[in-house]
Amino acid sequence: MTHAAKVLTVSDGVAAGVREDRSGAALADRLAAGGFVVVDRRVVADGVEAVRDALLELTDGFVGLVMTTGGTGFGPRDLTPEGTLAAIERAAPGLAEAVRAHSNAGDRYFGLLSRGVAGVRGAALIVNAPGSVGGAVEAFDAIEPVVAHALDLLAGGHPH
């Protein structure tokens, strides 16, 4: 079964047009390579309300995966997790933990600095990814083995 996906890039610079959306483009390409149909790509400035409102709009009546890229770190404007928490109905901590663990593979520890979260709103699964190209792609790599099953369950499928 083919699943739909949407990508939300959270970045003041990209929203202002002063920086290229490389991580959103790379994430959309990786989702497509993983068999997803990317039906929407958007950009929003950093901020709790901006992220929340965009996620509410993107998930309203949507069955599929919404991945964000950017705003998950320690910077003062990195508020994607807070905006996501304001939008979701149920948390999916295992997915966020998998993204962090994947980022800590080998001698890299950047995942320790990620505050990204994951959760469900309706039949949509929302997962935060870092704003770097590598981090965004690796976030999907981390959840790819289970995400189709999760989406099938959210759509009303039977667990076994």
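Quick caveat: nothing in here was measured; it's all calculated off a predicted structure. For the numbers below, each heavy atom of this structure counts, side chains included, while hydrogens, waters and symmetry mates do not. Numbers for residues simply follow the sequence, beginning at 1.
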Counting distance only, does the side-chain N/O of [X] pair as donor-acceptor with the main-chain N or O of [Y] below 3.5 Å?
X: Thr69; Y: Gly24; result: no
X: Glu89; Y: Gly122; result: yes
X: Arg41; Y: Lys6; result: no
X: Arg52; Y: Ala86; result: no

Query - Phe140 side chain reached by Leu65 side chain, heavy atoms, under 4.5 Å - result: yes

Query raised in the report: So do the side chains of Leu125 and Met67 get within less than 4.5 Å of each other, counting heavy atoms only?
Result: no

Query raised in the report: Between the side chains of Asn128 and Thr72, is a donor N or O closer than 3.5 angstrom to an acceptor N or O?
Result: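 Their side chains do not contain a donor-acceptor pair, so the 3.5 Å distance test is not met.
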
Query raised in the report: Any side-chain donor-acceptor pair under 3.5 Å between Arg42 and Thr9?
Result: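 Judged by distance alone, the side chains do not pair up.
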
Query - Members sharing Leu79's hydrophobic cluster (side chains within less than 4.5 Å) - result: Val48

Requested in this report: Among Ile, Leu, Val, Met, Phe, Trp and Tyr joined by side-chain contacts under 4.5 Å, find the other residues sharing a cluster with Val37 and list them by chain and number.
Outcome: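 Reading the cluster by chain and number, Val37 sits alongside Leu8, Val10, Val39, Val44, Val51, Leu55, Leu58, Phe62, Val66, Leu85, Ile88, Val117, Ile126.
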
**Report entry** Short N-O contact, Arg115 and Asp78, less than 4.0 angstrom
**Finding:**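 Answer for the salt bridge query: no.
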
Query raised in the report: Are the charged groups of Arg19 and Asp12 less than 4.0 angstrom apart, N to O?
Result: no

Query raised in the report: Looking only at heavy atoms, which two atoms of Arg121 and Asp60 are closest? And how far apart?
Result: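 Taking every non-hydrogen atom into account, NH1-N, 3.4 Å.
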
